[in-house]
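Only a predicted model underlies this, so the values are computations on that prediction, with no experimental measurement involved.
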Amino acid sequence: MATQANSVPHPVLVQVDPFVPADQQKGLHNRWHPDIPAYATVKPGEVFKIQCVDWTGAQIGNNDCSDDIKNVDLTRVHNLSGPIAVEGAEPGDCLVVDILDVTPFEKMPWGYTGIFELENGGGLFAREFNSKAAKAIWDFKGIYATSRHIPGVRFAGVSHPGLIGTAPSAELLATWNERERGLISLHATSVPPVAFAPEPKGAYVGQDLDPQLLEKIATEGARTIPGREHGGNCDIKNLSRGSRCYFPVFVKGAHLSVGDLHFSQGDGEMSFCGAIEMAGIVTFSTSIIKGGIEKFALKQPIFLPSPIDPLYSAKLIFEGISVDYHGDGKQYNMDATVAYKQAALNAIAYLMKIGYTREQAYLLLSAAPVESHVGAMVDSPNACVTLALPLGIFEHDILPKEDGLKKLDFGQCAIRSDGVV
């Protein structure tokens with residue numbers, strides 16, 4: 001009988017404690033800057049693991065009050081693990097990243113979804129709802145998530161990194177900062193802000209660096225909130241285990257960073273902290289395609305999504321068009337964002353007829369494996385966007401009936417200690 005060779009554990013290049021504040025840990029950073037040195041180096045083809053804190057860096061607790069959401073310090077996010085240099089990667093190349101696995105920590109089998117305050121983070125409906133902090137805690141059991149704050153649902157997660165990308169060059173960083181500052185200047189009084197300029201407060205690099213270099217990174221470093229040409233915070237829910245990513249390389253070694261892990265997410269992540277946020281471990285392998293930026297006309301990353309997807313074939317689909325009929329009734333011209341918002345508001349209104357509160361419905365559509373598609377972008381003046389709600393995630397029948405919908409009592413999600421929603 002043949003004996004199996006002992007398997008060698010894959011190296012863990014960044015190790016973190018999910019319960020310790022991020023700014024007390026090594027191997028993390030929360031700004032994009034080309035001068036952040038690589039924390040570790042790998043060879044192409046090597047399999048390795050990266051541990052990640054949740055995106056806030058342990059600011060949110062497993063409890064029944066949303067004061068932590070209300071008071072979260074957004075200057076300290078996102079907390080990324082890395083950078084990881086890949087030997088042989090040069091500017092102009094394409095870094096191929098295989099996501100082999102994404103799992104929560106065994107000692108932290110829970111995550112959260114949050115509605116952020118209008119003045120501190122916002123979200124898709126921050127102004128429409130005058131958003132106040134609320135959250136749902138989700139418990140993980142294998143691949144499934146349930147929540148004491150949103151009863152009556154259970155669904156399989158598609159765990160993925162919400163944020164993954166390569167480091168920018170100095171020239172690209174300057175371009176980002178210039179164009180985003182320009183946008184901010186055009187909308188200086190916007191609440192929530194249209195973008196976030198570099199901010200030294202809260203900036204962190206978990207390495208022993210020269211103080212002058214740390215100051216430069218803090219002063220110039222781009223915030224990690226939006227996605228950009230290098231990847232970043234794109235929140236693509238299908239980048240789960242089995243996915244392959246093709247990233248443009250802008251600096252020697254590529255300097256790959258990852259964080260903002262999600263147990264599950266709906267298309268759009270609408271409540272800002274809209275996925276089921278978690279701490280966890282990602283397993284990677286990388287390779288390099290020389291000259292890949294030119295070969296593939298690579299202005300932004302290209303992705304091959306995971307072949308693994310929860311099988312929810314029956315769905316209730318809500319439609320939205322470019323008319324703000326939930327607001328002032330204004331007609332927009334081919335505005336897909338307006339159309340998406342109307343589809344989501346239609347779904348929220350429907351879920352409220354079943355008995356969920358507006359906050360519970362908003363959180364559920366953000367966290368569950370909801371699919372959104374652009375139906376049409378050619379029939380002026382109305383773009384058409386759909387939002388598909390899987391029927392199989394509910395423990396009760398939610399289909400339309402001749403007698404109407406049966407309204408149940410699902411309580412409320414976690415809200416502020418002052419009771420304001």
How far apart are the closest heavy atoms of Arg76 and Gly57, and which atoms are they?
-> NH2-O, 4.4 Å

Side chains of Asp54 and Pro18 in contact at under 4.5 Å (non-hydrogen atoms) | no

Please examine the side chains of Leu389 and Phe394, heavy atoms only from C-beta on, and report whether any two atoms are closer than 4.5 Å.
-> yes

Does the side chain of Leu100 reach to within under 4.5 Å of the side chain of Ser285, using non-hydrogen atoms?
-> yes

Geometric class of the Trp55/Phe272 ring pair [parallel <30°, tilted 30-60°, perpendicular >60°] = perpendicular

Any chance you could lay out the side chain to side chain donor-acceptor pair (under 3.5 Å) test for His29 and Ser257, step after step, and finish with the verdict?
-> CA-CA 9 Å; His29 63 99; Ser257 296; 2.8 Å; yes

For the atom pair CD1 (Ile321) and OH (Tyr332), what is the distance rounded to the nearest 0.5 Å?
-> 13.0 Å

Minimum heavy-atom distance Ile293-Asp93, with the two atoms named = CG1-O, 3.6 Å

Polar contact flag, side-chain donor to acceptor under 3.5 angstrom, Asp267-His373 | no

So, does His149 use its side chain to make a donor-acceptor pair with the main chain of Ile137 at under 3.5 Å?
-> yes

How far apart are the C-alpha atoms of His326 and Asn346, what are their side-chain angles, what is the distance that settles it, and do they pass the side chain to side chain donor-acceptor pair (under 3.5 Å) test?
-> CA-CA 9 Å; His326 282 277; Asn346 289 339; 2.7 Å; yes

List the steps and the verdict of side chain to side chain contact (heavy atoms under 4.5 Å, CB included) for Ile289 and Lys295.
-> CA-CA 9 Å; Ile289 298 176; Lys295 288 176 180 176; 4.2 Å; yes

For Thr166 and Ala254, the nearest pair of non-hydrogen atoms, with its separation, is CB-O, 3.4 Å

Trp138: which of Thr113, Thr146, Asn62 passes side chain to side chain donor-acceptor pair (under 3.5 Å) = Thr113

Establish, from distance only, whether the side-chain atoms of Asn63 and Lys135 form a donor-acceptor pair under 3.5 Å.
-> yes

Could you tell me whether Lys49 and Asp101 make a salt bridge, using a distance below 4.0 angstrom between a side-chain N and a carboxylate O?
-> no

Output, in order, the C-alpha distance, side-chain angles, deciding distance and verdict of side chain to side chain contact (heavy atoms under 4.5 Å, CB included) for Val16 and Val20.
-> CA-CA 8 Å; Val16 301; Val20 172; over 6 Å; no

Is there a donor-acceptor pair under 3.5 Å between the side chain of Gln265 and the backbone N or O of Gly274?
-> no

Could Arg244 and Phe303 be counted as a cation-pi pair, given that NZ or CZ must be under 6.0 Å from the ring centre and within 45° of the axis?
-> no

Pairwise distance SG(Cys52) to CD1(Ile281) - rounded to 0.5 angstrom | 9.0 Å

So does Glu117 pair up with Lys70, basic N to acidic O under 4.0 Å?
-> no

Do Phe140 and Phe263 have ring centroids that are under 6.0 Å from one another?
-> yes

Rounded to the nearest 0.5 Å, the OH atom of Tyr356 sits from the CD1 atom of Ile150 at a distance of 8.0 Å

Test item: Thr386 and Ser372 side chains (from C-beta on) under 4.5 Å apart, heavy atoms | no

Taking the six-membered ring for Trp and the single ring otherwise, decide whether the centroids of His396 and Phe410 are under 6.0 Å apart.
-> yes

About how many Å separate OG of Ser147 and CZ of Arg154, when rounded to the nearest 0.5 Å?
-> 14.0 Å

Determine yes or no for a side-chain-to-main-chain donor-acceptor pair under 3.5 angstrom, with Ser264 supplying the side chain and Ser159 the backbone.
-> no

Nearest heavy-atom pair of Pro161 and Val102: which atoms, and what distance?
-> CD-CG2, 4.1 Å

Presence of salt bridge, Asp324 and Lys341, under 4.0 angstrom = no

Tell me, yes or no, whether the heavy-atom count around Arg181 atom CZ, taken from other residues, nucleotides or ligands under 6.0 Å, exceeds 12.
-> yes

Give a yes or no answer on whether the side chain of Ser190 reaches the backbone of His187 with a donor-acceptor pair at less than 3.5 Å.
-> no

With salt bridge (charged side-chain N to carboxylate O under 4.0 Å, His left out) as the test, would you mind laying out the steps for Arg228 and Glu180 before giving the verdict?
-> CA-CA 11 Å; Arg228 300 183 180 93; Glu180 290 172 21; 2.7 Å; yes

Glu90, CD atom: more than 12 neighbouring heavy atoms under 6.0 Å = yes

Would you tell me whether Gln360 and Gln412 have side-chain atoms, one donor and one acceptor, within less than 3.5 Å of each other?
-> no

Look only at the side chain of His33 and the backbone of Arg31, and say whether a donor-acceptor pair between them is shorter than 3.5 Å.
-> no

Say whether, by atom type as modelled, one donor and one acceptor occur between the side chain of Tyr204 and the main chain of Gln25 under 3.5 angstrom.
-> yes

Indicate yes or no: does Glu371 engage Lys315 in a salt bridge with an N to O separation below 4.0 Å.
-> yes

Do Val86 and Lys43 come within less than 4.5 Å of each other through their side chains, counting heavy atoms only?
-> no

Let me see the working for Thr224 and Leu163 under side chain to side chain contact (heavy atoms under 4.5 Å, CB included), right down to the final yes or no.
-> CA-CA 9 Å; Thr224 60; Leu163 202 162; 4.1 Å; yes

State whether the side chain of Gln59 and the backbone N or O of Thr56 hold a donor-acceptor pair below 3.5 Å, judged by distance alone.
-> yes

Can we call the ring centroids of His230 and Trp32 under 6.0 Å apart?
-> yes

Looking only at heavy atoms, what is the nearest atom pair of Ile184 and Ala197, with distance?
-> CD1-N, 3.6 Å

Do Asn30 and His78 touch side chain to side chain, with heavy atoms closer than 4.5 Å?
-> no

State, yes or no, whether a side-chain contact exists between Val96 and Thr286 at a heavy-atom distance under 4.5 Å.
-> no

Check for a donor-acceptor pair, side chain of Asp309 on one end and backbone N or O of Ser306 on the other, with a separation under 3.5 Å.
-> no

Ignoring hydrogens and angles, tell me if any N or O in the side chain of Ser81 forms a donor-acceptor pair with the backbone of Leu28 under 3.5 Å.
-> no

Under 3.5 Å, is there a donor-acceptor pair between the side chain of Tyr340 and the main chain of Asp335?
-> no

Report yes if the side chains of Pro198 and Asn177 come closer than 4.5 Å at any heavy-atom pair, otherwise no.
-> yes

Does a side-chain N-to-carboxylate-O contact under 4.0 Å join Arg416 and Asp67?
-> no

Mark yes when over 12 heavy atoms from residues, nucleotides or ligands other than Glu215 sit less than 6.0 Å from its CD; otherwise mark no.
-> no

Any chance you could lay out the side chain to side chain contact (heavy atoms under 4.5 Å, CB included) test for Cys273 and Tyr112, step after step, and finish with the verdict?
-> CA-CA 9 Å; Cys273 178; Tyr112 60 91; 3.6 Å; yes

